[in-house]
Chemist: 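This is the structure I have questions about; it appears just below.
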Amino acid sequence: KDRLQYPLARRDESVVEDYHGLKIKDPYRWLEDPDAEEVKEFVQNQVRLTDSVLENCETKEKLRHNITSLIDHPRYGSPFRRGDKYFYFHNTGLQAHSVLYMQGDLEAEPEVLLDPNTLSDDGTVSLNTFSISEDAKYLAYGLSSSGSDWVAIKVIKIDDKKVEPDTLSWVKFSGITWTHDTKGFFYGRYPAPKDGEDIDAGTETNSNLYHEMYYHFLGTDQSQDILCWRDHENPKYMFGAEVTDDGKYLFMSIGEGCDPVNKLYYCDLSSLSGGLESFRGSSTFLPFVKLIDTFDAQYIVISNDDSLFTFLTNKDAPKYKLVRVDLKEPTSWTDVIEEHEKDVLESACVVNRNQLVVCYMSDVKHILQIRDLESGSLLHQLDVDIGSVSDVSARRKDNAFFFSFTSYLTPGVIYKCDLANGSPEVKVFREVAVPGFDREAFQATQVFFPSKDGTKIPMFIVAKKGIKLDGSHPCLLYAYGGFNISITPSFSASRIVLSKHLGVVFCFANIRGGGEYGEEWHKAGSLAKKQNCFDDFISGAEYLVSAGYTQPSKLCIEGGSNGGLLIGACINQRPDLFGCALAHVGVMDMLRFHKFTIGHAWTSDYGCSENEKEFHWLIKYSPLHNVKRPWEQQTDSLVQYPSTMLLTADHDDRVVPLHSLKLLATMQHVLCTSLENSPQTNPIIGRIEVKAGHGAGRPTQKIIDEAADRYSFMAKMVNATWT
Ligand SMILES: O=C(NCC(=O)N1CCC[C@H]1C(=O)O)OCc1ccccc1
């Protein structure tokens, strides 16, 4: 590849910061201001460079066409019930967003309730959250613009589908929780930014602190909402509301980061003499009882019979268990379902009056069981395929429930499980066929490879059937590795196209930091042990090479957000091991991430550079601070970094674009422009999207366009040929 002409970016050598006695330079600090003309110019120069590289990626249009046609199949969400109606989401195939439908019963003619595609002509307005009142009279929904985390809440009256005047602003990281009298709902927000009106919400970087919980009375102005709770002593606290199935209790969970731990307060709504109205105009908070007032563990409300409650918790149970307590005797807890010695108890919900639908994750595959609510004892095990169960939709008063199933080679099936007559009857409720996809042509296997410290790491490998393990195949290795998030099997149209037409073997490594084996697995990839994530991922790559799936020059690694950090760290640590690297919206500046938007919440996994001990963890792997020209001792020559694409977007206010921009400038300087005859011929480029954010709510066309860009870049860089 001929060497690229990179745009030069100013280095401000005067920016030096003292971290606990260590002086650290930050010459691209100026890239942190999205509104600065110089930054806009830097972005334009990078976009021009990337466009010139992408023009020569021959498979782009074929990929776009094939991904479009494979995505163009009908997709459904599990139906869910409110009142006596059914509701479900459906996308005919290429709609920018799924549409919310409702039906009187499962055979009735469905009618559109909310079509987010009508809310903008370019699909940049998306549905972030929603909730239908208990009596199915109202739908409250939160809209995001350009992929920002900021939400505006609106309300529709269901019988005439008229949009009500209610409009709630500056909502963020919030659900919508109706009281069962349908008088209104609880939600979370931040104080409006001082110059709030004229910011392009989602492009600002300031820190989100002082979250608040409010209650909105239907039909009134937001200024009339009552402030239920906030905590000025703890600016990082965030509040989530939930009303119990019987409508009696408001539960508020309090978190201060991303760890699976929360305080849990509750308010007996029936005990409020004048109801919530009596708090209008008053400055007193709701009267909460502090059931749990520490961050020792996570507590999730599963069900209650009056004051007798069932919770899902990881208290003394890193793989979770079900416990019971009577609010009248809040110190005596009993186990309902004990912690399993290997499998993670992921969810439980009440159905059929006195039964539980319980979902375990066992070696990254899901198991569904029916259990007795009172005793927790196992009644039935549902035999589902190897893959992922999601979207379990059940109500205590119903004797049937729905759940979705997907896997690498199963686009999507919705099952209905009927419990009316004793043993469960599971039937396919909806199954989508994907024209042009023949699952028999592929094979999905799970392997366990040893990491650097010997820990066995699960990995899924998907390839065309019968490939020879001769190291000749292009390979795409993906992982995340953080925040207790598990990467379970799912269908990816774009990866099927890569496999079918470019012979790509695609893999998912379940590295530490995720939730695959519960909280111990998460902790083993966090804080002082974050390097385990990188070791696991590197070992996975070495396994794929040694087992003959691929070779370094044909291996592409991909990850997003915390997974983008993974990619940034791994190309710094092992530039020789990969031919291509795709890092989406990565956290790249580990010394400053906590200063922007919601970054402060991630110190639970990363620590914070303001703490000396934690600073020394972070400086060792921070992508921005560990870019150096690779030198190969044995050949006494410079090897180069893999071809690298950093992807970000102007309205990403989850992981602000400055992370990718600073890393891009640093890599181009250290590896390319600061060296006359730089050996770096592999491109180092940035794909910077406009009117787009972190990923949630991205319209279908933008998903397709980005996939075509990044995978045609990959195809060219690993010399994959189209067949
Ligand atoms: O920040 C996150 N989630 C973590 C997140 O989005 N992260 C964590 C690291 C970078 C990025 C990612 O990997 O997507 O969500 C916002 C939130 C809501 C409620 C309570 C705390 C925080």
Side-chain angles (χ1 to χ4, degrees), residues 128-129 142 144 147-151 171-177 187-190 202 205 207-213 231 234-242 252-264 295 298 300 478-487 511 513-515 522 525-527 530 533 537 558-569 583-590 592-608 618 621-624 646-649 651-660 663 692-698:
N128 171 282
T129 184
S144 291
S148 162
D149 277 327
W150 286 112
V151 165
V171 175
K172 204 183 222 192
F173 308 134
S174 172
I176 295 171
T177 307
Y187 68 95
R189 61 162 292 176
Y190 285 100
T205 65
S207 185
N208 300 135
L209 296 169
Y210 299 105
H211 201 236
E212 301 168 322
M213 185 200 284
D231 187 334
N234 296 284
K236 287 178 63 170
Y237 278 14
M238 302 169 75
F239 308 103
E242 182 176 4
M252 174 171 71
S253 72
I254 302 175
E256 66 167 356
C258 294
D259 265 348
V261 297
N262 62 282
K263 294 183 176 182
L264 195 62
F295 290 117
Q298 181 173 42
I300 297 169
Y478 178 94
Y480 181 75
F483 298 89
N484 191 39
I485 288 176
S486 306
I487 304 300
I511 63 177
H522 168 223
S526 303
L527 299 174
K530 186 62 188 172
C533 305
F537 196 62
E558 181 177 23
S561 206
N562 169 73
L565 156 62
L566 172 74
I567 302 309
H584 303 245
V585 292
V587 185
M588 305 305 195
D589 183 344
M590 297 312 290
R592 291 175 61 80
F593 72 85
H594 59 286
K595 294 173 177 294
F596 311 108
T597 65
I598 195 59
H600 62 73
W602 314 335
T603 56
S604 46
D605 256 50
Y606 298 140
C608 182
L618 293 163
Y621 68 77
S622 174
L624 180 65
L646 305 182
L647 299 95
T648 186
H651 285 75
D652 185 348
D653 49 7
R654 182 69 63 88
V655 177
V656 288
L658 64 92
H659 287 277
S660 294
L663 179 61
H694 194 57
R698 179 161 291 183

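Side chains are part of it too, since the values below use all heavy atoms of this structure and drop only hydrogens, waters and symmetry mates. Counting starts at 1 for both ligands and their atoms, following the listed order.
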Chemist: Side chains of E256 and H600: do they bring a donor and an acceptor to under 3.5 Å?
Modeler: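 Note: E256 and H600 side chains miss the donor-acceptor criterion.
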Chemist: Is the closest side-chain heavy-atom distance between L209 and K236 below 4.5 Å?
Modeler: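 The answer is yes, as the side chains (C-beta and beyond) meet within the 4.5 Å cut-off.
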Chemist: Could you tell me the residue and atom name of the protein heavy atom closest to atom 6 (O) of ligand 1, and the distance to it rounded to 0.1 Å?
Modeler: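 Residue, atom and distance for the closest contact: R654 NH1, 2.8 Å.
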Chemist: Between N562 and ligand 1, find which residue part has any heavy-atom pair under 4.0 Å and reply side chain, backbone, both or neither.
Modeler: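 It is both backbone and side chain that touch ligand 1.
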Chemist: Should the pair F295 and Y237 be assigned to parallel (<30°), tilted (30 to 60°) or perpendicular (>60°) ring geometry?
Modeler: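 Geometry flag for Y237 against F295: perpendicular rings.
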Chemist: Does F239 offer a backbone N or O that forms a donor-acceptor pair with the side chain of H211 under 3.5 Å?
Modeler: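 Yes, because the side chain of H211 sits within donor-acceptor range (under 3.5 Å) of the backbone of F239.
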Chemist: For ligand 1, does F239 get within less than 4.0 Å through its side chain, its backbone, both, or neither, judged by non-hydrogen atoms?
Modeler: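 Answer for F239: neither.
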Chemist: Students should be able to answer this: which protein heavy-atom is nearest to atom 12 (C) of ligand 1, and at what distance?
Modeler: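 Residue, atom and distance for the closest contact: S561 OG, 2.4 Å.
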Chemist: Would you call the rings of Y190 and W150 parallel, tilted or perpendicular, taking 30° and 60° as the class edges?
Modeler: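 Rings of Y190 and W150: perpendicular, over 60°.
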Chemist: CG/D652 to NE2/H659 distance, rounded to the nearest 0.5 angstrom?
Modeler: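 These two atoms lie 9.0 Å from each other.
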Chemist: Do W602 and V655 come close enough that some side-chain heavy atom pair is under 4.5 Å?
Modeler: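 Sidechains of V655 and W602: in contact.
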Chemist: May I ask whether G257 has any heavy atom positioned less than 4.0 angstrom from an atom of ligand 1?
Modeler: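 Contact present.
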Chemist: Any N/O of W602 closer than 3.5 Å to an N/O of ligand 1?
Modeler: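 Yes; at least one N/O pair falls below 3.5 Å.
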Chemist: Indicate, as side chain, backbone, both or neither, the part of V587 found under 4.0 angstrom from ligand 1 when only non-hydrogen atoms are considered.
Modeler: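 Under 4.0 Å from ligand 1, V587 contributes side-chain atoms alone.
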Chemist: Tell me the contacting part of V585 for ligand 1: side chain, backbone, both, or neither, using a 4.0 Å heavy-atom threshold, strictly below.
Modeler: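 Within the 4.0 Å criterion, V585 makes no contact with ligand 1.
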Chemist: To which protein heavy atom is atom 16 (C) of ligand 1 closest, and what is the distance rounded to 0.1 Å?
Modeler: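 For this ligand atom, the closest protein heavy atom is F173 CE2, 3.5 Å.
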Chemist: Students should be able to answer this: which protein heavy-atom is nearest to atom 19 (C) of ligand 1, and at what distance?
Modeler: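 For this ligand atom, the closest protein heavy atom is M238 CE, 3.6 Å.
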Chemist: For the ring pair Y606 and F483, is the centre-to-centre distance below 6.0 Å?
Modeler: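 Y606 vs F483: aromatic centres under 6.0 Å.
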Chemist: Does a donor on one side chain sit under 3.5 Å from an acceptor on the other, for S561 and H694?
Modeler: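 Looking only at side-chain atoms, H694 and S561 do form a donor-acceptor pair, the distance falling under 3.5 Å.
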Chemist: Heavy atom of F593 under 4.0 Å from ligand 1?
Modeler: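 False for this residue.
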Chemist: Any idea which protein heavy atom is nearest atom 13 (O) of ligand 1, and the distance to it?
Modeler: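 It is Y480 OH, 2.5 Å.
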Chemist: Check each atom of ligand 1 against the heavy atoms of Y606 and keep those under 4.0 Å away; list them by number with element.
Modeler: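 The atoms of ligand 1 under 4.0 Å from a heavy atom of Y606 are 9 (C).
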